[in-house]
Every structure is written in C-alpha cells, then in structure tokens.
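Quick notes on the structure that follows.
Only this structure's heavy atoms are used, side chains among them; waters, hydrogens and symmetry mates stay out.
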Amino acid sequence: MSETPITIEADSEPTVKFADFGLAPEILRALTDQGYIHPTPIQAAAIPIVLQGRDVMGAAQTGTGKTAGFSLPIIQLLLAHASPSMSPARHPVRALVLTPTRELAVQVAENVKAYAQHTPLRSTVVFGGMDMKGQTIILKGGVEIVIATPGRLLDHIEQKNVSLGQVQMLVMDEADRMLDMGFLPDLQRIINLLPKKRQNLMFSATFSPEIKKLANSFLTDPVTIEVARSNATADKVTQIVYKVAEEAKRDVVEFLIRGRDLKQVLVFSNTKIGASRLSRHLEQGGIKATAIHGDKTQQERMAALDAFKKGEIDVLVATDVAARGLDISDLPCVINFDLPYNAEDYVHRIGRTGRAGASGDALSVYSDKDERLLVDIEKLIKQTITRGELAGFVASSSASAGRGEPSGERRPRRDDSAAGSGAARPPGRTPERERSGERSFTSSSSGGSSGPRSGPYPRRDKVDPWFLTPYEPAKKTTPAVADQVSTSTKPKQKIAVLLGGSPKQ
DNA sequence: AAAAAAT
C-alpha cells in the first residue's frame, strides 16, 4: 500500500476494458448490450478496489460513472460468494444502497437492474410517496439488492417487510446530501440493523468535517478514491451571469430559453412555488415546460422527469431536488432562475451540463439582492464568471424606474399563479405574437441594433443572443472541491482520479 | 432562507 496518490488522467488512452476486471460473463454481456467497453476513470479505479472487499470513501460527482463503479463489483461479489448458508430466505437482502432522493434511488435501481439482468440476482427500489403494497410484495418475495431512500426503508423494516440481517455490502450514495437533509439519525438506525461485518462504500461530493466524521464512524480502513471535480466548471461549460431586475428575471429566462431554440434546458429555482410559477409562465408562452419539486406527487415527479428525458418537453423547471444525481444526459444548457443559497449547489446544478465531454452553457440571472451569493459562488469555484449583457433588459429596477419607462415590475401583469387567463391574453393569437405585443421592457437607450425595439425580444432569426456576450475564456483553476478532497481522512491507500482534462500545473 | 424525506 502506497501513500502516494495514483493519478489517472481522463484523457489518457483508454487501455483498460471492462473485460479486464474478471467480471462474470453475465455482467460483461449486460455491458456489451449497452455498448460499454471501456470503464470511466472512477470505474477503473473503484472496481478492483471494491472487488478486493475494501471499504471505499469516494469523492465523486454525478456523471463520472460512479453508479456502475460500485454496482458492477457488488453484483460480481454477490455472484461469486454464495449467500450465508444460515439464511432462511432464499433471497436475503445482501446489498443495500441508500440515496437521499427518490429520483436518484430510481435511477440507481434502473442501472443495477440493467447490469444484473442476465444474472439470477434480484433487485428492487423502495421510496416514499408511493403505495407500500407493491414494494412490500417484491420485498417479501426476496431480493438480493435493495436501493432505498432511508425513511421508507425504515417504514418497511418496522412493518417487517424486509430484514437487513444478511446485508454484506452497504452503499451510501451522496452522503453529504443525506447529512444536509438530516438523514443522519435514520442512517444510524439502519446501520444498527446491519451485520457488523460488511463492506461499506460511501460517496460524497464534498469532504466536510461532518462527512469525515461519518466516514470515520461507518467505514473500516477505507481506500479513498478522489475524483477531482470534472473540469466542467473550468473548460467545457461556458458560464454567464446576467444581472437583471428581480421582476424581470422570468422574462429574461424565457428570452434565454428562446435563444436556445428551445433545446432541452434545465432551469433551477430556489423555491417550489417559484418553479411552478415559472413553469406555468413558460407554458403560457407556448413553451413545452413542466416543473419538478417536492410538492408534486411522486407520480408527477416521475412523469416530469420521464417526459423531459424523452424530449417530450423542452424545459424542466426544478428545485434542488434535481440539482444532484439526476442523470439527464446531453443537456446543452442549464439556467439558474435563482442563484442558489448554497454555493456548492451552483456547482452541482451546472454539473448537469457539459457532461461526458460535451460542451454546455450555464446561464444565471440574478438581481441586486443576490450580489453576495454570486460572490460566494465565485469564491468557491475560484473564477470570475463572465457578466453577460442583454440588450432590451435593464440591469436593475431602480434604473428603469428612474427613467419613468415601463419596466417589468411596474407594468401591470397578471400573476402567473392566478387562475384566470382571459383578460390579459386575447385568444387566437399565436404565442409569438402575444409576446411582442404584450410586454414591454426598458430598453437600453444606446445600441438599438440588436433587434426590433417594438418588443423585448429581438427576433431569433435576426439576432443571436450570444453575440451580446463578450466572451472571456474562463480561467482555469483547480476546482475547490478537489482541494478539499485532497485533505481527506487518513487513508491507507489513496487514489486520485482526475477527470475531464489534464492536471493543473 | 430553502429544499428534501415516512405519514
């Protein structure tokens, strides 16, 4: 065991193949089915370690292939080692994966199911917000792998629908998030029900003191696998912030979305009500949008996510329920309708774009009162985000008020939350026409060259909104989280995985 | 200050 970190570069030639790990043919077949041949760096690092039976503390972002990194070796180990003979159940739970959100649980479960499809291993997912009956039947039928959110799992345990006395492997996914959400007591209760002798894998985006404490109490002699933050924030994602009047934010967001030619956009709102309102606002503008947040029923949440993934809707307006973990692939653009209160969440949010080598845009609108949030974010990511300017929109409400021109907040405008829809919008007009006729914004007095001034929206075919932005190449800096990660718990063995670019000098 | 999660 070496104290020297092993560094794996993401852009080095992929020499390792899944076939090299000694995985069972059934697993390899599942991978081939999905066209996977080469592991991602974290998979290449984690799979052999997990196969050795070691505990793992993984600092890994979503989108790094983390899920396969732990599920493949878990499936392999379960296949290779028979279940404990004393078990009365034919299919006792032998591996347990805990996640902070229901959607993440579903997603992990889908992956596990796919990887184990050619094996006799059974898996299921349990989470709240759904009827317990179906979950109960499957649990009682016996499953080797359970993916769960903590609360509902405890519910099933209390109802004696499942027993965890045979669990050999425990995964805590997004552990930092679980702590944030106050799951620590639940985690403690669940872990108390597990056999003392077991393998533990813990994944976290950050290595806060609390996480270290958790790792120290739950992990035995862990190998730390560091995944430097993908350079997404530095290279591949173009980040721009737009300062606008608070009241104009939603119209600016709409404008930005239209500028994207309605390609799939994920929009983040800090509040559930804000997400719903913005979604409704966009829908009323003829944009196929929907909202996802914790006040929606689980059915609605799943339907929204599904529709977005299928491309049936163009815009998903989400609270931070979707900030982490959700694998929505190939997103070209993320927009922050609100800057997150927690700077760390900014990184998670924009991590939804620029994934898997693709480029992406992360756009944010903010107003005067959010100045401090922006400072915090820039401090965290150690770079200055490009300030974008939008012709046709003013940066602050006071400026527009001072000129006595109509501005977003003054113009009487039906609130989106109101049910009525008749008065403000004459029927029969196309949404496009509605927009230009109905809204007015204070336009910049200078430089009216960016489009027709008859309305707030420059015509898309005439104007590329991106020309408005003076592009400065983003500064390349070592990501802040990677810094924290390097000071991780005293590991016997340490592996650093650098993703998404060359190591910094 | 807000969101998530068992009900």
Protein heavy-atom contacts under 4.0 Å, written 5' to 3' over nucleotides 2-7 of chain B as B (base), S (sugar-phosphate only) or - (none), form the string SSBBBS
For A:Asp345, what residues pass the salt bridge (charged side-chain N to carboxylate O under 4.0 Å, His left out) criterion, not counting sequence neighbours? A:Arg177, A:Arg324
Any pair counted as salt bridge (charged side-chain N to carboxylate O under 4.0 Å, His left out), so long as it reaches residues 127-145 of chain A, sequence neighbours left out: none
Solution key, residues 178-192 of chain A side-chain donor-acceptor pairs under 3.5 Å, sequence neighbours excluded:
from     : atom 1 : to       : atom 2 : distance (Å)
A:Arg189 : NH2    : A:Glu158 : OE2    : 2.7
A:Asn192 : ND2    : A:Gln188 : O      : 3.3

Residues that A:Phe203 engages under ring-ring contact (aromatic ring centres under 6.0 Å, His included), provided they are two or more places apart: A:Phe70
Among residues at least two apart in sequence or on other chains, which ones pass side-chain hydrogen bond (donor to acceptor under 3.5 Å, both in side chains) with A:Asp155? A:Gln159
